[in-house]
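Below you'll find the structure, written out as C-alpha cells, and then a few comments.
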There are 2 protein chains.
Amino acid sequence: MASAAELLHQQGASATSLADIAQHADVPLGNVYYYYRTKDDLVRAVLVAQTEQVAAMMDGFAGLGGPAERLKALVSRWDAMRDLVARYGCPFGSLTTELNRRDDDLARDAAAPMRAILDWAAGQFRELGCAEPDDLAVTLLSGIQGSALLAAALGDPDLLARQVRHLHSWIDSTAATAPKR
Amino acid sequence: MASAAELLHQQGASATSLADIAQHADVPLGNVYYYYRTKDDLVRAVLVAQTEQVAAMMDGFAGLGGPAERLKALVSRWDAMRDLVARYGCPFGSLTTELNRRDDDLARDAAAPMRAILDWAAGQFRELGCAEPDDLAVTLLSGIQGSALLAAALGDPDLLARQVRHLHSWIDSTAATAPKR
DNA sequence: GTCTATAGCATGATAGAC
DNA sequence: GTCTATCATGCTATAGAC
C-alpha cells in the first residue's frame, strides 16, 4: 500500500499498473489481489491513508501557540516537501483531481483529505475571530494547491517557497485585522 | 481534435482511449491515425490548441480600459465556465498536471498554457507599477488554479464564484497600492 | 483520403498449486 | 497466506482493401 501511494503520486492512478506496484513493493502480483480485491480497492486504501495522514498532521499542530501559528505550520508542510511537489505535484491534490473526473464511489470519496483540511482551517480562522472562516479556509488551501500545481508545471521548487512566504504574511495580516474574540 | 480536447478534459489523457475519441468525433478509428501518428501527437495537438486559445483570450482583453480591468477579465473567464470547472476541473490545469508527471517531450511542453498566462499577467502587473510582477502573476494564477481544483473536488461552482470575487478585490487593492508609473 | 480488420501487447483479474 | 501461470479484455498501432 505504501508502494501504491508512492507510485500513484509519481505516475497517477490510471498510469500506474498493479504490476508496477507489485514490483515496487517486491511482492508477487497475485498477493496484491489477496489483500485488495480490485485496483479501486487499493486506490481507496491509499485515499483513506491520506485522510488519516492529514488528520494526524493537523493533530500535531495542536500544541502550537495559536491559530495563526497552526495555520502557518500547515502551509509549511508543503514547503518542507517542495522538491517532491515541484516534481510530481501535491500528492493529495493530484489524486483528488484524477479521481474527481469519475462518477463512481471513489470520485465521491476523493475529496476527503481536502475536506478535512478545509474544516480544520476554518476552525482556526473562526478561533481567530475572522468573518467568513469557511471562505478564508478555501482561499488558503486554494493558494497552497494552486502553488503546488504551478511549481510542478514549471518544475520550480522556489516558486512554491515564495508563495508559502506570501501565504504566511497573508495569514498574519488576516489574523491582525480580525476582531478580538 | 476538438473531440479529443473535450474528452481529455472530462476523462483525463490516460483514461481516454483513441476509440473513445473516434467514436465521439464520429470517425473510424483508422482515420485518427491518418492525421495523428500516435496518441501523444494528438495530445500534443490539443496542448498547442489550448496555448493558442489562451493567447487569443488574452488578445481579446487588449481593448479593455487598463491592466486591472484586463486582469479581472482574465479571472472572470473561469467564472464563466464555473459549472464545467466544478465538474471536470480547469481544462488547462488538469491536462498540465497529468502530463507533468511524465518525463518525455510532452511533459516539457505541458506548461506552455500556464507560462503564457503567467507572462501576460506579469506584464499587466508591471504596467500597473507593481513590485515583483512575476510573483504577483504566480499568486493570481495560483488562486485561480487552486480554486478550480477545490471547486471540482467539492463539486461546488459557487466556491469558484466566491473565490473569483475575492481575486477581483485583491487585484483592485494591489493596483491601488502600486506606485504610479 | 476513408474505412475495416487485426496484429501485438499490456492490463485487471482469476485459478489453483504449494 | 504465498506465489506462478494464465485468461479475457481493451488498448495502441498497423496493414491493406476501397
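Atoms considered below: every heavy atom in the structure, side chains included; atoms not considered: hydrogens, waters and symmetry mates. Letters go in sequence order (proteins before strands), and every chain restarts at 1.
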Distance in angstrom units between A/Leu42 CG and C/dA13 P, rounded: 10 Å
Out of D/dG1, C/dT2, D/dA13, which has the shortest distance to the side chain of B/Tyr35? C/dT2
Taken in chain and number order and not counting sequence neighbours, the residues that satisfy salt bridge (charged side-chain N to carboxylate O under 4.0 Å, His left out) with A/Asp20 are none
Rounded to whole Å, CG of B/Asn31 lies from C1' of C/dT2 at a distance of 5 Å
Between A/Ser94 and B/Thr97, is there a side-chain donor-acceptor contact under 3.5 Å, judged purely by atom types and distance? no
Per A/Thr38 side chain, nearest of listed nucleotides D/dA13, C/dA13, C/dG1: C/dA13
Taking side chain as C-beta onward, heavy atoms only, is B/Trp170 less than 4.5 Å from B/Leu136? yes
Can you sort out which residues in residues 15-30 of chain A have a heavy atom within less than 4.0 Å of DNA chain D? Ascending by number, please. A/Pro28, A/Gly30
Taking OP1 and OP2 of D/dT2, is either one under 4.0 Å from a side-chain nitrogen or oxygen of A/Tyr33? no
Round to the nearest Å and state the distance from A/Lys39 atom NZ to D/dG10 atom C1'. 13 Å
Decide if atom CG of A/Asp104 counts as having more than 12 heavy atoms of other residues, nucleotides or ligands within a radius under 6.0 Å. yes
With sequence neighbours left out, what residues match A/Asp103 under salt bridge (charged side-chain N to carboxylate O under 4.0 Å, His left out)? none
So, for B/Ile21 and B/Ser3, which heavy atoms are closest and what is the spacing to 0.1 Å? O-CB, 4.1 Å
